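Here is the structure we will look at, set down as structure tokens.
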Amino acid sequence: WMMNNTDNAMVDTDHTLKRLHRLADACAYNFGEAARGGDEFLGTGADLEPSTLLHAYRSGVFPWFAADEPICWWSPKERCVMVPSAFKPSKSLMRTAKKQSWTITINQAFRQVISACSQPRSYTDDTWIHAEMIAAYDQLHQLSAASSIEVWAGSPHTSELIGGLYGVNIGAIFCGESMFHRKTDASKIAFWALMYFAKRTGIELIDCQMPNSHLLSLGADTMPKAKFLDMLACLVTTPCIGINGARQPITTQALLIDDI
């Protein structure tokens, strides 16, 4: 895949980043001080307006709550993170990429991806991605602050959407929110594609928020909160093309030819 007119893309990116920070500056709440404290659960309240979410994410804070609960804000003591260049796909995942003729796209079906991520899992009927959250992140997507990666069984839109992920991209950090799969390994392929595109668009760190066995199996690691927040302060002000700059679809086979 190719990036069209990189110089213009960087100018647009810098303008977008400044606009996002202006929005965050207008937030009526201050998450920064609370995030630096020792607690993981910071409290309830506030709202899910774009300015609030942008300020929260650049402060290392994210919302996580059920539909029947007040808005809850979190900043884990140990942050689950992934450096894109450190990602090493397993042999079985490489076999999947070689065997399948799946297509990977960026921002072609954001609402479909977040809706798929909101569906109950085999181990629980509960979901924290409810209508209020979907509407809030859709607003961030319209502002070019939230992006999705889609995995299609064949051609985009004319075949089944079988996997994907979405998250928030501010500067040189991508904060992953959720992923889903309808075919074995499709969410892992989406995660691999995130690493592939991140290396090519200037994203230096993937914030996976809370550690779990699935993320750790993909090569994610944990980082103390203080170190993460120090890195975050720099990364959110670093202009880069970002996930939104990767516009051309790729096949799973392209992931295997990764020489960056």
Side-chain angles (χ1 to χ4, degrees), residues 20 23-81 109-143 145-148 164-170 173-182 187 190-191 206-216 220 222-226 228-229 232 236:
L20 295 180
L23 273 172
D25 290 341
C27 176
Y29 312 97
N30 184 4
F31 292 100
E33 244 179 77
R36 289 279 176 183
D39 294 331
E40 293 191 318
F41 173 58
L42 305 184
T44 62
D47 55 51
L48 296 177
E49 290 298 313
S51 61
T52 305
L53 286 173
L54 290 169
H55 175 57
Y57 275 93
R58 75 176 186 182
S59 303
V61 178
F62 57 86
W64 185 29
F65 62 103
D68 59 351
E69 295 177 335
I71 301 172
C72 298
W73 300 94
W74 302 82
S75 185
K77 293 179 182 177
E78 292 286 323
R79 202 76 172 211
C80 186
V81 298
F110 182 87
R111 194 65 181 249
Q112 286 176 257
V113 168
I114 193 171
S115 295
C117 289
S118 75
Q119 297 305 304
R121 309 296 166 111
S122 59
Y123 51 85
T124 180
D125 289 333
D126 295 333
T127 179
W128 54 272
I129 309 173
H130 37 79
E132 188 178 7
M133 291 284 272
I134 291 174
Y137 285 85
D138 192 46
Q139 280 190 290
L140 288 186
H141 177 60
Q142 299 304 319
L143 293 167
S147 301
S148 61
L165 59 80
Y166 77 97
V168 176
N169 190 178
I170 305 176
I173 188 168
F174 184 92
C175 305
E177 281 296 311
S178 187
M179 59 178 75
F180 81 97
H181 71 275
R182 291 170 178 154
S187 62
F191 191 79
I206 308 298
D207 170 24
C208 304
Q209 299 178 346
M210 303 279 202
N212 60 49
S213 57
H214 180 55
L215 290 169
L216 295 176
T222 56
M223 179 183 291
K225 180 196 281 195
F228 172 77
L229 293 178
L232 178 69
V236 296

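In this text, all values refer to a predicted model and were calculated from it rather than measured experimentally.
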> Is a side-chain donor or acceptor of W73 paired with a backbone partner of G45 at a separation under 3.5 angstrom?
Replying inline: yes
> Between the main-chain N or O of F65 and the side-chain N or O of H130, is there a donor-acceptor pair closer than 3.5 Å?
Replying inline: yes
> Where the side chain of W74 meets the backbone of W64, is there a donor-acceptor pair that is under 3.5 Å apart?
Replying inline: yes
>> Rounded to the nearest 0.5 Å, what separates atom OG in S75 from atom CD in E40?
In response: 8.5 Å
>> Among residues at least two apart in sequence or on other chains, which ones pass ring pair (Phe, Tyr, Trp, His ring centres under 6.0 Å) with H214?
In response: none
> Aromatic ring centroids of H55 and Y29 under 6.0 Å?
Replying inline: no
> CG of L232 to CD1 of I173: how many Å apart, nearest 0.5 Å?
Replying inline: 5.0 Å
> Is there a donor in the side chain of Q139 and an acceptor in the side chain of E49, or the other way round, less than 3.5 Å apart?
Replying inline: no
> If you take all heavy atoms of S178 and C117, which pair is closest and at what distance?
Replying inline: OG-CB, 3.6 Å
>> Looking at D39 and L42, would you say the former's side chain and the latter's main chain have a donor-acceptor pair under 3.5 Å?
In response: no
>> Quick check for you: to the nearest 0.5 Å, what is the distance between I134 atom CD1 and F110 atom CZ?
In response: 9.5 Å
>> If I take atom CZ from residue R111 and atom OG from residue S148, how far apart are they, to the nearest 0.5 angstrom?
In response: 12.0 Å
